[in-house]
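This structure is a prediction, so every number in the text was calculated from the model and none was measured.
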Amino acid sequence: MISFPPGLFLIVASLIVALPFVKGRAKPIIGMLAALACFVCVLFTYDGVGSCVVTLIDNDFIGQAFGYENGLVLNLMQLNAPTPIFATVFSLMAVVGLLFAFNAEKPVELSGALLYSGSAICATYAGDLASMFLFWELMAIGSTLVVFDGGQENSAKAGLRYAAVHFLGGVFLMAGIIWYGLVEKSLLIPDDPLSSGLVAFNNTLNPAAWLMLIGILVNAGAPPLGAWLPDAYPEGSPSGTVFLSAFTTKTAVFVLMMLFAGTELLVWVGMLMSIYGIVYAILENDMRRILAYSIINQVGFMVCAIGIGTHLSLCGASAHAFAHIIYKALLLMSAGSVLYMTGKRKCTDLGGLYQTMRWTMVCGTIGALAISAVPFTSGFTSKSMITTAAAESAAVVDNAWLYMMAWFVLMAASAGVFLHAGIKFPWFVFFQKDSGLRPKDPPWNMKWAMVIFAVLCLAFGAPGVSKVTIYKILPYEPMKVSHEHHGDESSAAAVPAQATGDGGHVHRVPYSTWSWNHVITQFSILIASGLAFFVLLDMLKRTLTITLDSDWIYRRLIPRFWAGVLLPPLRWLGKIHLFILDQVPKRVAQAVFARRISHEMSKDVELGGSKFELKLDIKTNRYRQWAVGGAMIVITAMLLLYLIVNLF
């Protein structure tokens with residue numbers, strides 16, 4: 001039985017590879033071994049975990065304030081209901097992501113990626129809010145290092161903006177946790193999301209829940225708080241962006257599930273995210289920004305499912321997070337390989353790469369089909385759970401119109417996903433016009449990482465495979481309402497309905513993706529959106545522009561406000577400051593203390609073959625400019641005198 005968070009392997013490895021005497025291939029090898037050890041330990045935690053309790057602050061007063069007897073205690077090991085599936089895919093992502101980055105000579109990025117992924121895995125085992133917040137902030141540090149070491153033109157600036165946004169979100173989250181702990185006298189997290197005390201968030205007078213929700217939604221990329229995502233992720237290196245796509249937003253999904261399952265507000269937030277991501281992805285020209293906006297769209301499905309708050313919807317959110325990490329990493333590996341081999345990232349500069357980058361094209365296309373939920377891919381297996389849960393909730397709850405709207409929006413968003421990621425990305429990058437570029441496929445490690453994830457996208461979409469793999473580690477057993485007549489209502493399949501308004505019973509059977517209704521509906525959506533893409537192809541062709549959303553505030557509004565409103569008075573004040581420090585002491589010296597000192601200086605000068613003596617009269621002023629320190633002493637003395645006069 002494992003008695004420590006498996007992610008600690010990766011956190012310790014991040015410190016080891018940062019040591020100056022660890023050089024060359026030893027760094028990625030240490031990272032790979034740590035990731036494999038972490039993955040194996042995660043598998044051993046399926047049946048239970050040991051105890052791992054650490055005293056964070058050994059202070060009785062602080063402990064009693066939060067409901068503990070002897071200081072603030074961290075519960076680092078708790079097997080929460082969604083932990084197995086999230087920890088599994090996080091550790092799997094670490095292994096394959098490190099394989100993809102094996103030949104990248106970026107020690108800072110490698111150390112940051114190990115800290116980032118290890119902290120995300122540890123967060124899934126957290127049994128209290130303090131432990132979760134600790135690893136949440138370690139994630140922010142690790143991911144910031146990955147962005148900073150991206151090697152792109154704007155990586156440093158994007159890293160600063162990324163850090164500012166995430167640490168601000170952390171402040172909101174920390175304030176909410178402290179408020180909640182002081183009021184409830186407990187920081188413990190129930191291992192079952194549907195028994196969380198914070199489900200009472202529907203009471204809008206709960207400021208702690210509001211603060212925590214804002215902090216979490218920042219990490220989830222919810223608009224208008226999500227402009228950091230397409231701003232920072234494309235500025236990572238080809239391998240760094242793969243890591244960035246996997247952990248931050250999905251850890252936010254995990255925490256939302258643990259704390260706010262069943263909160264109807266999240267249904268609205270999820271619908272907004274699913275549409276918002278599509279609109280900007282269609283407008284975008286940068287291939288990695290297209291996929292970054294697509295992350296917002298896909299996380300919207302998960303957030304909406306968490307808001308629905310039934311067993312089936314939470315299973316759908318978990319399964320979709322699992323599938324999304326794999327196919328989105330595959331898509332970004334494909335895009336990163338193109339960037340690595342060509343140095344170009346805009347769709348207008350690419351095209352015709354299928355001729356020489358065949359492995360990259362095939363794997364990228366499989367990822368595009370998976371994100372579009374094409375049957376026989378992993379996306380089809382997971383996404384249909386969410387839409388089915390929305391339709392079922394519309395049939396049994398009082399405000400059925402909200403869940404019916406959610407079903408309609410998510411189905412429309414599925415069509416939009418096929419437009420911007422399923423067709424647009426592979427079409428403009430690998431096909432369309434011939435750009436004249438003839439790069440080869442990337443090195444072996446990058447190629448094999450793509451192949452592994454491409455195989456998994458197809459394997460988890462095959463009929464029956466998910467039932468013996470993913471379904472086994474879902475938070476609950478996925479069940480759906482049966483519309484067939486069953487005479488024996490006492491059978492094991494007849495279980496209490498969730499979210500029923502009258503407390504009655506409905507007949508439920510094990511969920512199956514492969515129904516004629518699901519397959520025909522999904523094929524109809526794909527065919528319609530595919531035809532729309534090629535009919536509107538001229539309108540969808542991109543130009544050399546960049547789209548702005550809420551990042552317009554710090555890209556346009558704040559610089560213009562600074563230049564037009566704040567800078568002019570600051571320049572005027574600067575002149576006053578210069579006058580006080582330069583002109584005032586000079587004039588005082590001239591008027592009071594200055595003495596003209598004259599002395600003669602003789603010099604022999606040769607002019608026209610003749611020599612004569614030249615006498616110069618040198619006059620100087622005894623003047624010395626005030627130092628800033630002296631000026632501050634004078635000002636301080638004047639303020640002190642003013643205070644003494646006013647006191648007496």
Do the ring planes of F430 and F425 sit parallel (below 30°), tilted (30 to 60°) or perpendicular (above 60°)? perpendicular
Identify, with sequence neighbours excluded, every residue that meets ring pair (Phe, Tyr, Trp, His ring centres under 6.0 Å) alongside F86. F254
Whether W228 side chain and V218 backbone form a donor-acceptor pair below 3.5 Å: yes
Nearest non-hydrogen partners of I386 and A305, listed with the distance: CG2-CB, 3.8 Å
Minimum heavy-atom distance S294-I371, with the two atoms named: OG-CD1, 3.1 Å
Ignoring hydrogens and angles, state whether a donor on the side chain of T251 or N219 is under 3.5 Å from an acceptor on the partner side chain. no
Please examine the side chains of L213 and L256, heavy atoms only from C-beta on, and report whether any two atoms are closer than 4.5 Å. yes
Just wondering, more than 12 heavy atoms not from E105 lying within 6.0 Å of its CD? no
So F133 and L173, side chain to side chain contact (heavy atoms under 4.5 Å, CB included) or not? Walk me through it. CA-CA 8 Å; F133 178 76; L173 181 59; 3.8 Å; yes
Pairwise distance CD1(I326) to CG(L92) - rounded to 0.5 angstrom: 5.5 Å
Is any side-chain heavy atom of C122 less than 4.5 Å from a side-chain heavy atom of L8? yes
For residues M361 and P426, determine if any side-chain heavy atom of one lies less than 4.5 Å from a side-chain heavy atom of the other. no
Is there a side-chain contact between T360 and L353 in this structure, where contact means two heavy atoms from C-beta onward sitting under 4.5 Å apart? no
Report yes or no: does Q152 contribute a side-chain atom to a donor-acceptor pair with the main-chain N or O of N154 at less than 3.5 Å? no
Y354 and its ring-ring contact (aromatic ring centres under 6.0 Å, His included) partner, picked from F428, W427, F431: F431
Less than 4.5 Å apart, side chain to side chain, heavy atoms only: is that true for C363 and M333? no
Looking only at non-hydrogen atoms, find the nearest pair between I278 and A413 and report the distance. CD1-O, 3.3 Å
Counting distance only, does the side-chain N/O of K346 pair as donor-acceptor with the main-chain N or O of N285 below 3.5 Å? no
Would you check if P6 and Y125 make a side-chain contact, meaning some heavy-atom pair closer than 4.5 Å? yes
Do T377 and I366 touch side chain to side chain, with heavy atoms closer than 4.5 Å? no
So, R345 side chain and L339 main chain: donor-acceptor pair closer than 3.5 Å or not? no
May I ask you to decide if T88's main-chain N or O and S91's side chain share a donor-acceptor pair within less than 3.5 Å? yes
Which atom of A158 lies closest to which atom of E235, heavy atoms considered: CB-CG, 3.7 Å
Please answer whether the main-chain N or O of E109 pairs with a side-chain N or O of D149 as donor and acceptor at a distance below 3.5 Å. yes
Name the one of Y116, Y233, Y162 that satisfies side chain to side chain donor-acceptor pair (under 3.5 Å) with S143? Y162
Donor-acceptor pair, side chain of T356 and main chain of P439, under 3.5 angstrom: yes
Would you indicate whether F135, at its atom CZ, is surrounded by more than 12 heavy atoms from other residues, nucleotides or ligands within a distance under 6.0 Å? yes
Please answer whether the main-chain N or O of L330 pairs with a side-chain N or O of S334 as donor and acceptor at a distance below 3.5 Å. no
For S111, does its backbone N or O pair with a side-chain atom of K27 as donor and acceptor, under 3.5 Å? no
Of all heavy-atom pairs linking H324 and I295, the shortest is NE2-CA, 4.1 Å
Contact between L98 and L114 at the side-chain level, heavy atoms closer than 4.5 Å - yes or no? yes
With no hydrogens and no angle check, is any side-chain donor or acceptor of R25 less than 3.5 Å from a backbone partner on F102? yes
Please say whether the positively charged group of K250, taken as NZ for Lys or CZ for Arg, lies over the ring of F90, i.e. under 6.0 angstrom from the six-membered ring centre and within 45 degrees of the axis. no
Return the minimal non-hydrogen interatomic distance between V89 and I325, and the atom names on each side. CG1-CD1, 3.5 Å
